[in-house]
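Read through the structure below, which is laid out as structure tokens, and then see the notes.
Count residues from 1 along the sequence. Basis for what follows: all heavy atoms, side chains included, without hydrogens, waters or symmetry-related copies.
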Amino acid sequence: MVVVFPVLLLALLPCFALCADQPSFLFILADDIGWGDFGYNTGIANTPNLDKLAASDGAIRLNDFHSGGTVCSPTRASVLTGRTPFRDCVFYVYDCSDPTECEPNFPFAPNRTFTVADAVAAAGKNYQSGHFGKWHLGSFYKNSKYWSSPIKHGFTFMNSTLEVAPTATTNCNCKEEWKSSCIYGHDKGPTHCNPGCCFNYWWKDDSNPQGVTNLTNPVGQDDTDYITDAFSRYLQSLNGDPFFVQLSMHNCHIPYIGTQAARQACANGQTCKPGNYSDAELDFYACLNELDGSVGRVLETLETYNYRDNTMMWLTTDNGPEGNCPPLGRCDASHYLTYPGRSGVLRGRKRDIWEGGHRVPGIISWPARIKGNHESNATVITHDFLPTVMDILQVERPAAQRDWALDGTSILSFLDNPAQGVPARGLGWLFTTTRPENPTRGFRYGPWKLVNGSTSCKEKGCEQPRLFNLDTDLTESVDLSEKEPEIFKAIQANFTTWWNSVWHSIRAESNCPNV
């Protein structure tokens, strides 16, 4: 008994005693917010919690952070897989908000590409994983042609919407008796609905033949309240177990709607810079204020359950702001009355290969590991999250996938020493609304960027490749392809090599259907 008793005692200890040194991982992904929308980067809406986080000990504010795609679904795939989304059959997006009415024909990673959720599971040590908010990577129903819920891709818990959803009274159109509570803001009625207007939350339910069930009460006025409350209850349930959680906020994708209180506070100059704002602007800036409040509540929750110091948290958005500005990708002042998001000095917006389509706000926080506060111009992308988690946990992809392409890289050494930066590497962006054969395309190596077409670029010759030096020309105004012919030739050759590898993944790794 003297020998056995200590072993039994250890077996009964909860994980918060045995797993105290295990880091947790949190990825907060906002939606359709531009590089210039947060307060710390000249934004109009006040974002005190985000500003404080960016300036806090243990945090790095990244001025050259990028989304892996220029629209919703591709970036979400890149976070999970560490790969350019085309490799895993994510070429564009789908419109289907209610699985009782429609089925997304969306084969994300049909051969089950290794994900962040798989990485923490491979580490053991009682790791749990949860997805909250916007999924937009395929069908929740098990009997779908392409079942692709968070559970299918390794998560152990989900509380998720199928795609976009209103940022206020989110599921108010799901029942007749809830419709009187709907807030529509500047849209004056439901929008972004296909085919119906029920945007609801779903979670795992093994007793249901489809494997999921949905929320049976109204979300409430502010969608971020629902997500952050669900996150808080989830952390409480873990009893100290380490976790990976993705919080995918709907703020501030169309339909973005501010609550009346948040709109009024902005209009009064309490939560926004003083100004005379349109209805759309008030909704968007109020939506940003509410996102900021939710970040504050998330940080409080981490503190409450003793996770804050040893949680590696990444915060960013999935692409630039909505509303393209042809023919040159530059917007005049009147544009913001309807599409208020701002990409700062950058050229382009959502869907664009120009910087404004994919250079987005980026903050990484990990007080237990990152010493001091830093502002960095290192180039980091959403692809890098998975390789960094794998490096921290010392796990590998399964043997059958170890030779598969991986576009991201671990930035753990950068987190330990931000002054060293991140070594230059090739990074590519692709955009299409149809098939993958001929997308607009961009490729970056160090300061040099190749741009070959962009959604908002309608001027003559726009389909021709151009070369920019982002160190001296962040606005992508001066084409250097003739002045720097050797660099132009080299970056085109690098793009071609990378593009061929993407097609190898499409055909030989993911075996994407109908391509």
* Residue pairs fulfilling salt bridge (charged side-chain N to carboxylate O under 4.0 Å, His left out) with at least one residue in residues 68-80, sequence neighbours excluded -> D31-R76, R76-D318
* Where at least one partner belongs to residues 472-485, residue pairs that pass salt bridge (charged side-chain N to carboxylate O under 4.0 Å, His left out), sequence neighbours excluded ->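 Residue pairs with at least one partner in residues 472-485: K449-E476.
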* To do: Just jot down the side chain to side chain donor-acceptor pair (under 3.5 Å) partners of S294, sequence neighbours excluded, or say none.
  =>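 S294 satisfies side chain to side chain donor-acceptor pair (under 3.5 Å) with no other residue.
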* To do: Any disulfide bond (SG atoms under 2.5 Å apart) involving residues 474-515? Give me the pairs, sequence neighbours left out, ordered by first then second residue.
  =>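 Disulfide bond (SG atoms under 2.5 Å apart) check on residues 474-515 returns C89-C512.
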* Sequence neighbours left out, what pairs pass ring-ring contact (aromatic ring centres under 6.0 Å, His included) with at least one residue falling in residues 444-493? =>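 Residue pairs passing ring-ring contact (aromatic ring centres under 6.0 Å, His included), neighbours aside: W354-F468.
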* What residues form a side chain to side chain contact (heavy atoms under 4.5 Å, CB included) with T259, not counting sequence neighbours? -> Q221, D222, A261, A262, E290
* **Those residues that, when tested against P190, pass side chain to side chain contact (heavy atoms under 4.5 Å, CB included) (two or more places apart)** =>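 Once residues adjacent in sequence are excluded, the partners of P190 under the side chain to side chain contact (heavy atoms under 4.5 Å, CB included) criterion are N173, Y184, C193, C197.
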* Who passes salt bridge (charged side-chain N to carboxylate O under 4.0 Å, His left out) against K179, sequence neighbours left out? ->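 K179 satisfies salt bridge (charged side-chain N to carboxylate O under 4.0 Å, His left out) with E176 only.
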* Partners meeting salt bridge (charged side-chain N to carboxylate O under 4.0 Å, His left out) with R112 (sequence neighbours left out) ->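 Scan of R112 (salt bridge (charged side-chain N to carboxylate O under 4.0 Å, His left out), adjacent residues dropped) gives D118.
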* Hey, are S510 and N111 close enough side-chain-wise for a donor-acceptor pair under 3.5 Å? -> no
* To do: Check ring pair (Phe, Tyr, Trp, His ring centres under 6.0 Å) between H66 and all other residues, then give those that pass, not counting sequence neighbours.
  =>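 With neighbours one apart ignored, the set is H358, W429.
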* Asked: Considering residues at least two apart in sequence or located in another chain, which fulfil the ring pair (Phe, Tyr, Trp, His ring centres under 6.0 Å) criterion with F25?
  ->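 Expected list: none.
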* Asked: Does the side-chain hydrogen bond (donor to acceptor under 3.5 Å, both in side chains) test come out yes or no for D32 and N319, once each step is laid out?
  -> CA-CA 6 Å; D32 285 12; N319 45 252; 2.8 Å; yes
N/O donor to acceptor pairs below 3.5 angstrom from side-chain atoms of residues 457-465, sequence neighbours left out:
{"unit_1": "K458", "atom_1": "NZ", "unit_2": "T455", "atom_2": "O", "d": "3.0"}
{"unit_1": "E459", "atom_1": "OE2", "unit_2": "R466", "atom_2": "NH1", "d": "3.0"}

